[in-house]
Each structure stands twice: as structure tokens, then as C-alpha cells.
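Contents: one structure, followed by commentary.
Every chain is numbered from 1, with letters handed out A, B, ... down the list of sequences. What you are looking at is a predicted structure, and each value in this text was computed from that prediction instead of being measured.
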Amino acid sequence: ELKVEQNPLFLSMQEGKNYTIYCNYSTTSDRLYWYRQDPGKSLESLFVLLSNGAVKQEGRLMASLDTKARLSTLHITAAVHDLSATYFCAVDSQGGSEKLVFGKGTKLTVNP
Amino acid sequence: GAVVSQHPSRVICKSGTSVKIECRSLDFQATTMFWYRQFPKKSLMLMATSNEGSKATYEQGVEKDKFLINHASLTLSTLTVTSAHPEDSSFYICSAYPGPRTEAFFGQGTRLTVV
């Protein structure tokens with residue numbers, strides 16, 4: 001059974017600082033996704049990572065995937081308040097089945 | 001990007017009644033859609049896979065008679081919560097993929113409150 005672990009679950013940081021969120025998963029998969037969720041809202045797609053070594057960047061967020069280590073990271077650079085949200089990683093549970101297993105989420109609070 | 005529309009966004013119903021939630025893919029066809037449930041401040045759990053023209057596939061522990069899924073067309077899946085109880089109160093979200101090796105797009109979610 002695929003398990004997806006995110007850490008930290010809660011992250012409070014100052015504006016301008018950098019930090020990394022980690023996502024580990026237990027079985028082989030080459031499809032990993034990062035989503036953002038604002039309170040009371042649905043999920044917004046941030047990144048889709050489809051191969052080992054994939055790195056994608058959008059603004060102050062950068063995601064990477066190491067399929068050998070079964071690890072993805074979401075790096076935040078020079079955080080701003082608008083990045084405050086909950087971030088989920090999700091892994092395709094059966095290699096192309098499109099059934100996603102989600103991590104527990106990281107609630108990020110960026111303080112002025 | 002692709003658009004998945006879910007309706008209603010909020011619904012309050014009485015215990016014992018049934019509630020239908022619609023999920024539409026607006027600009028693409030989806031032979032498969034997915035229904036997730038999210039408890040407050042928790043992660044998303046897959047409930048079932050909705051298959052156009054055939055029966056839904058339910059995840060272990062999900063009552064298929066309580067959560068009826070119908071996928072009658074390539075752009076519409078519905079989730080009906082039957083004989084609702086307060087413990088069915090939750091945030092329900094659907095998703096679909098516009099194509100292979102793309103990301104899933106999620107509907108706006110439906111906040112169900114059973115009183």
C-alpha cells in the first residue's frame with residue numbers, strides 16, 4: 001500500500017526566508033504532484049513531476065523529484081504572505097492509474 | 001487550463017435525505033472522474049473512481065449503497081449521498097484529467113452539512 005508522508009505538517013516562517021517542504025513516498029512511482037489549497041477552497045495545481053530529476057519552478061516555488069530516493073521537495077524562496085496556504089503532495093498510486101494518494105498537507109503561514 | 005466544475009458549492013440537508021453533487025468537465029471529455037472526501041483540516045481520501053458507461057469502482061471501506069455514483073456522459077459524473085447522516089458532513093471534491101500524463105484538475109468542492 002502506497003504511503004505518502006509530508007513534513008513538516010505545520011510551518012510558520014517570516015517573510016523573506018527560505019524553506020523546504022519534503023514529500024516521501026513508499027513505493028515506486030514516477031508521477032508526483034504538488035497542489036495548493038486555500039481555506040475553504042479546492043485544490044490548485046502547482047506542479048506535475050513525471051520523471052526522475054525533474055525540476056520545475058514557478059515564481060518563488062520550486063519542486064523537484066528524485067524517484068530513486070522516493071522524495072520530492074517543494075522549496076520556497078523569499079517567502080511572502082500570499083504564499084500562506086496548505087500544500088499537498090500527491091502520488092499516483094498505481095503507475096498511471098490516476099488514483100492519487102495524498103500526503104497530509106503542510107500548512108504554511110508566512111508572517112510579515 | 002482545463003476546467004472542472006462542481007455544483008453545488010455548499011449544501012445543507014436534513015438527516016435521512018439524499019443529496020446529489022454534480023461534477024462536469026467543461027472543456028474536455030473525461031471517461032474517468034474521481035471523487036475525494038476531505039475532513040476538516042485533513043487530507044483528501046479517494047472514495048471512488050467514476051467510469052463513463054459502467055459501474056464506479058469504490059475504495060475499500062466506502063459504502064457503495066450510500067455514495068451512489070453515476071457517470072452517464074463523458075462530461076458529467078454525479079455523486080449522490082443517500083440517507084445522509086451528520087457524519088457524512090464533509091468537503092467532497094471531484095477531479096478529472098484532460099489527457100494522459102497531465103495533472104488532475106479539481107472541481108471547486110462541495111461543502112455538505114447534514115443537520
Side-chain angles (χ1 to χ4, degrees), chain A residues 1-11 21 23-25 29-51 54 56 58 63 65 72 74 85-109, chain B residues 1-10 21 23-25 28 30-52 56-62 77 90-113:
Chain A
E1 179 189 349
L2 173 62
K3 294 188 186 302
V4 180
E5 293 188 1
Q6 258 180 265
N7 69 83
L9 299 182
F10 298 92
L11 177 56
I21 299 170
C23 176
N24 290 90
Y25 53 99
S29 177
D30 61 356
R31 307 175 87 181
L32 189 138
Y33 309 86
W34 284 96
Y35 291 93
R36 168 179 172 149
Q37 186 178 39
D38 291 294
K41 304 294 185 182
S42 190
L43 301 181
E44 174 191 353
S45 177
L46 295 175
F47 300 107
V48 53
L49 302 169
L50 298 176
S51 61
K56 292 193 174 181
E58 181 73 34
L65 176 63
S72 179
L74 179 65
T86 298
Y87 294 84
F88 291 96
C89 64
V91 179
D92 189 315
S93 65
Q94 295 177 26
S97 73
E98 301 179 336
K99 296 166 66 171
L100 298 180
V101 176
F102 283 81
K104 291 186 176 180
T106 298
K107 184 175 181 180
L108 172 65
T109 303
Chain B
V3 178
V4 175
S5 178
Q6 202 172 326
H7 178 81
S9 57
R10 291 178 179 272
I21 303 169
C23 179
R24 294 180 184 273
S25 56
F28 64 96
T31 56
T32 305
M33 292 185 177
F34 301 87
W35 288 97
Y36 293 84
R37 179 174 182 175
Q38 186 179 31
F39 290 101
K41 299 183 180 181
K42 298 293 184 183
S43 189
L44 283 77
M45 298 294 292
L46 179 65
M47 297 175 64
T49 303
S50 174
N51 303 301
E52 188 267 334
T57 306
Y58 291 82
E59 296 300 304
Q60 191 172 9
V62 177
S77 174
S90 194
F91 193 53
Y92 294 88
I93 312 176
C94 68
S95 76
Y97 290 77
R101 298 187 77 76
T102 62
E103 68 264 47
F105 286 87
F106 287 81
Q108 301 94 320
T110 297
R111 174 79 55 196
L112 171 63
T113 304

Quiz prompt | Nearest-0.5 Å distance, NZ of residue A/K104 to NZ of residue B/K41 | solution = 15.5 Å
Quiz prompt | Interchain contact, B/E59 with chain A, by part (heavy-atom threshold 4.5 Å) | solution = side chain
Self-check item: Toward chain B, the part of A/Q6 with a non-hydrogen atom under 4.5 Å
Solution: neither
Self-check item: Residue selection (most heavy-atom pairs with chain A, distance under 4.5 Å) from B/Q38, B/K42, B/M45
Solution: B/Q38
Quiz prompt | salt bridge (Lys or Arg N to Asp or Glu O under 4.0 Å) partners for B/R24, two or more places apart | solution = B/E22
Quiz item: Side chains of B/F91 and A/Q37: does their closest heavy-atom pair fall under 4.5 Å?
Solution: yes
Quiz item: Just how far is it from atom OG of B/S95 to atom CG of A/L43, taken to the nearest 0.5 Å?
Solution: 9.0 Å
Quiz item: Relative to chain A, which segment of B/I93 carries a heavy atom at a distance below 4.5 Å: side chain, backbone, both, or neither?
Solution: side chain
Quiz item: By a 4.5 Å heavy-atom criterion (distance strictly below it), what part of A/Y35 contacts chain B: side chain, backbone, both, or neither?
Solution: side chain
Practice problem: Check whether any side-chain N or O of B/S43 sits under 3.5 Å from a backbone N or O of A/G103 as a donor-acceptor pair, and report yes or no. | Solution: yes
Exercise. Quick one: pull up CD in B/E103 and CG in A/D92 and give me the separation to the nearest 0.5 Å.
Key: 13.0 Å
